[in-house]
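As structure tokens, the structure follows; a few thoughts come after it.
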Amino acid sequence: MRALYQENVHTIFGYPGGAIIPVYDKLYAYTRKENPWFNHILVRHEQAAAHAAEGFARVSGEVGVVIVTSGPGVTNTLTGVADAMMDSIPMVVIAGQVGVGALGTDAFQEVDLVNMAQPISKWSYQIRRPEDVAWAVNRAFYIAKSGRPGPVVLDFPKNAQIGTAQWLPGKMDKVKSYNPYPKIDQEKVNQAAELINNAKKPMALVGHGVEISGAQKELMQFLETADIPAGLTLLGLSVLPTDYPLNMGMLGMHGKYAPNMKQQECDVLIAIGMRFDDRVTGRLDKYAKQAKIIHLDIDPSEVDKNVKTDVAVIGDCKESLSALNSLLRKQSHVDWVASFEPIYQEEKKQVIDPDLYPKKGPLLMGEVVNAVAEATEGDAVLVNDVGLNQMFSARYFKFKRMKSIVTSGGLGTMGFGLPAAVGATFGAPDRTVCLFMGDGGFQMSIQELGTIMEQQAPVKMIVLNNNYLGNVRQWQDLMYGHRHSFTKMINPRYEDISKAYHIPYDVVIEREDLAEKVAKMLATDGPYILECAVKEDENVQPMVTPGSAVDEMKLHLDI
């Protein structure tokens with residue numbers, strides 16, 4: 001408890017069990033005294049503890065902390081660990097384990113956690129002696145939050161939990177053979193600056209790394225000095241305000257039409273704090289072959305992994321951008337920046353314009369998201385699950401400030417949204433948290449309504465109910481001859497479930513009621529469920545279909 005408190009931990013997400021009872025017994029005292037050290041959030045499933053810690057970390061910038069028991073407790077948690085690893089989320093998981101003397105005997109609820117966690121975490125370690133507890137906690141937090149953040153897993157055998165040792169306060173500021181902040185190579189900065197200064201059609205691809213490093217100011221100076229339009233990755237959507245003049249919108253499979261097309265036309269492509277994910281690049285052998293590629297990233301393993309670079313600047317984005325900014329000449333690319341607008345207008349005319357919403361018939365997902373986005377005026381935190389709800393909300397929500405999107409990007413974990421939104425309410429208690437879910441993702445973690453009920457976590461839950469696993473259904477229509485193999489959902493009555501958990505509920509069926517019911521949801525204190533009956537066979541468009549280049553993006557799918 002002392003080591004955690006020293007690391008400035010105040011919020012813990014967890015679920016007790018036999019092998020972690022000694023830790024929970026000590027936690028009892030530190031959550032119930034007059035000035036409690038910790039606020040422990042009891043989730044209803046261990047996977048939810050990890051996702052809640054992710055949501056907390058994304059909006060607060062702090063390390064998310066999870067405490068669970070051994071065996072199935074921690075194997076449930078590992079999905080969230082893998083999710084955090086893919087999306088660079090700082091998290092420390094402390095898991096109970098059988099005593100050292102019983103290791104390797106297939107004791108009750110024993111698993112080889114260190115080896116299971118190693119490939120999906122930054123560090124996994126077994127604490128075998130009480131003398132090592134404080135040291136392990138200090139090291140875990142340093143590794144989790146330094147450099148490219150990620151999850152750390154501590155396996156905590158019972159004998160080390162119940163043993164005694166003198167606590168010696170300490171802080172970890174370095175680990176042998178671990179270099180989280182590589183020194184910037186000035187020659188590489190010079191080469192990158194020369195390419196940018198001589199570019200006629202430069203374009204930036206901006207990712208989550210800019211937000212992690214707190215480099216928004218440096219990014220804006222970079223873009224404005226060199227007059228560079230920017231596309232944003234899914235995880236980087238709140239790095240720039242939605243209405244920022246050089247923000248051209250989301251990249252990727254279901255991103256905006258203009259930035260996807262223009263990646264294939266620019267002469268210099270600058271990737272900043274992003275990893276050239278396959279959902280961004282499309283077909284690699286056709287990706288940006290005309291452009292010189294500059295890659296700014298803190299993790300050298302990401303350089304040349306997917307896309308071959310001409311210049312790579314390894315280091316923290318804040319430092320790299322500052323170094324570049326000192327060498328940039330003031331540029332004006334008026335015609336190039338303006339060339340994005342006609343493409344955007346074409347997409348707007350065919351896909352986005354609210355005038356396209358039908359006057360009759362079921363609601364569309366885009367109009368529901370737009371109604372919530374307009375009502376919250378860009379100040380809310382967007383949390384979403386995975387599937388069509390994720391893509392529609394990412395496309396149509398609006399952002400004014402950083403740390404405003406919480407989503408499962410690399411792993412695409414259904415069931416992520418509900419617990420992540422709970423965590424976000426604790427990480428940003430002063431902000432409105434809006435959660436968009438499909439009926440499938442909602443039911444994967446529906447038990448966390450119990451956590452919301454107990455904590456009165458003020459999550460505004462918007463259920464986009466189309467009675468399908470909608471994203472899979474879209475792919476079945478597109479590539480599998482409309483054979484809807486087990487994607488049709490028979491759903492429960494969400495109104496009755498809401499009553500059982502004492503959570504206010506309403507449903508929107510008619511579009512003329514949408515604005516009023518969204519306003520009522522936002523004006524209601526505490527949690528709220530707003531079910532929206534949306535079109536069953538709606539598709540998210542445009543789309544870079546699998547196996548296509550990004551400039552082969554289709555505004556309309558012929559399915």
Side-chain angles (χ1 to χ4, degrees), residues 348-378 380 382-385 387-398 417-418 421 432-443 446 449 458-471 473-474 477 484 487-541 556-557:
K348 185 173 184 290
K349 182 174 69 175
Q350 295 195 43
V351 180
I352 297 175
D353 199 318
D355 290 340
L356 296 173
Y357 300 152
K359 300 296 184 276
K360 294 184 178 181
L363 290 162
L364 302 181
M365 290 192 189
E367 68 177 310
V368 174
V369 175
N370 187 63
V372 178
E374 292 291 334
T376 53
E377 299 181 335
L382 167 66
V383 186
N384 49 34
D385 207 83
L388 293 185
N389 69 88
Q390 181 184 33
M391 294 297 100
F392 272 107
S393 58
R395 280 180 56 83
Y396 295 110
F397 213 71
K398 296 175 176 62
L418 194 56
T432 300
V433 175
C434 293
L435 165 65
F436 288 89
M437 300 178 286
D439 40 321
F442 184 21
Q443 291 179 79
I446 199 167
L449 292 176
V459 182
K460 308 306 181 186
M461 295 166 270
I462 302 99
V463 184
L464 301 174
N465 188 356
N466 60 3
N467 298 303
Y468 270 98
L469 298 175
N471 201 46
R473 190 271 312 150
Q474 177 169 326
D477 287 345
H484 295 163
T487 46
K488 179 74 173 175
M489 298 283 287
I490 304 300
N491 289 319
R493 283 174 52 88
Y494 295 122
E495 181 178 8
D496 292 343
I497 290 171
S498 302
K499 286 179 181 177
Y501 285 102
H502 307 288
I503 296 173
Y505 165 92
D506 205 345
V507 62
V508 184
I509 297 174
E510 305 296 335
R511 59 177 34 86
E512 55 264 29
D513 298 329
L514 179 60
E516 179 185 345
K517 293 195 173 186
V518 166
K520 180 183 175 184
M521 172 186 71
L522 295 173
T524 302
D525 290 336
Y528 199 100
I529 296 175
L530 183 64
E531 182 182 1
C532 299
V534 296
K535 190 170 186 285
E536 284 197 350
D537 59 351
E538 183 182 9
N539 298 314
V540 59
Q541 300 175 118
H556 289 287
L557 298 174

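In this text, all values refer to a predicted model and were calculated from it rather than measured experimentally.
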Considering all heavy atoms, the nearest Asp477-His484 contact
OD1-NE2, 2.5 Å
How long is the straight-line distance from CZ of Arg511 back to CG of Leu364, given to the nearest 0.5 Å?
6.0 Å
Start with the C-alpha gap between Phe436 and Phe392, add the side-chain angles, then the distance that decides, and say whether side-chain contact (heavy atoms from CB on, under 4.5 Å) holds.
CA-CA 9 Å; Phe436 288 89; Phe392 272 107; over 6 Å; no
Just by distance, do the side chain of Asn471 and the backbone of Gly387 share a donor-acceptor pair under 3.5 Å?
no
Is there side-chain contact between Met489 and Leu469, with at least one heavy-atom pair below 4.5 Å?
yes
If every non-hydrogen atom of Cys434 is compared with every non-hydrogen atom of Ile462, which pair is closest and at what distance?
CB-CD1, 4.3 Å
So CG of Leu363 and CD of Glu538: to nearest 0.5 Å the spacing works out to 9.5 Å
Is there a side-chain contact between Pro362 and Asn466, using heavy atoms and a 4.5 Å cut-off?
no
Rounded to the nearest 0.5 Å, how far apart are CE of Met391 and OH of Tyr396?
12.0 Å
Would you indicate whether the side-chain heavy atoms of Arg473 and Asn539 approach each other to under 4.5 Å?
yes
Can a donor-acceptor pair be found between the side chains of Gln443 and Tyr494 at a distance below 3.5 Å?
yes
Minimum side-chain heavy-atom gap Val383-Met437 below 4.5 Å:
no
List the atom pairs, donor and acceptor, that lie under 3.5 Å between side-chain atoms in residues 516-528 and the rest of the protein, sequence neighbours left out.
{"unit_1": "Lys517", "atom_1": "NZ", "unit_2": "Asp506", "atom_2": "OD1", "d": "3.2"}
{"unit_1": "Lys517", "atom_1": "NZ", "unit_2": "Val507", "atom_2": "O", "d": "2.8"}
{"unit_1": "Thr524", "atom_1": "OG1", "unit_2": "Lys520", "atom_2": "O", "d": "2.7"}

So, Asn465 and Asn491: side-chain donor and acceptor under 3.5 Å apart, yes or no?
yes
Do the side chains of Tyr505 and Lys499 get nearer than 4.5 Å, heavy atoms only?
no
Run the numbers on Lys488 and Asn467 for side-chain contact (heavy atoms from CB on, under 4.5 Å), then give the verdict.
CA-CA 6 Å; Lys488 179 74 173 175; Asn467 298 303; 4.1 Å; yes
Which pair of non-hydrogen atoms, one from Ser393 and one from Leu382, has the smallest distance, and what is that distance?
O-CD2, 3.7 Å
Just do the side-chain contact (heavy atoms from CB on, under 4.5 Å) check on Lys460 and Val372 with the steps written out, would you?
CA-CA 10 Å; Lys460 308 306 181 186; Val372 178; over 6 Å; no
CG of Leu514 to CD of Glu367, rounded to nearest 0.5 Å, is 6.5 Å
Shortest non-hydrogen contact from Leu557 toward Val540
CD1-O, 4.3 Å
To the nearest 0.5 Å, tell me how far Leu435 CG sits from Leu418 CG.
6.0 Å
Can you tell if the side chain of Val368 reaches within under 4.5 Å of the side chain of Leu464, non-hydrogen atoms only?
yes
By side-chain hydrogen bond (donor to acceptor under 3.5 Å, both in side chains) - contacts of Lys349 (at least two apart)
none
Working note: Leu449 + Phe442, criterion side-chain contact (heavy atoms from CB on, under 4.5 Å); need CA distance, chi angles, decisive distance, verdict.
CA-CA 10 Å; Leu449 292 176; Phe442 184 21; 3.9 Å; yes
Would you check if Arg395 and Gln541 make a side-chain contact, meaning some heavy-atom pair closer than 4.5 Å?
no
Compare every heavy atom of Ile529 with every heavy atom of Ser498, then report the nearest pair and how far apart it is.
OG-CD1, 3.3 Å
Closest heavy-atom pair and its distance - Tyr501, Ile446
OH-O, 4.4 Å
Between the side chains of Glu536 and Tyr468, is a donor N or O closer than 3.5 angstrom to an acceptor N or O?
no
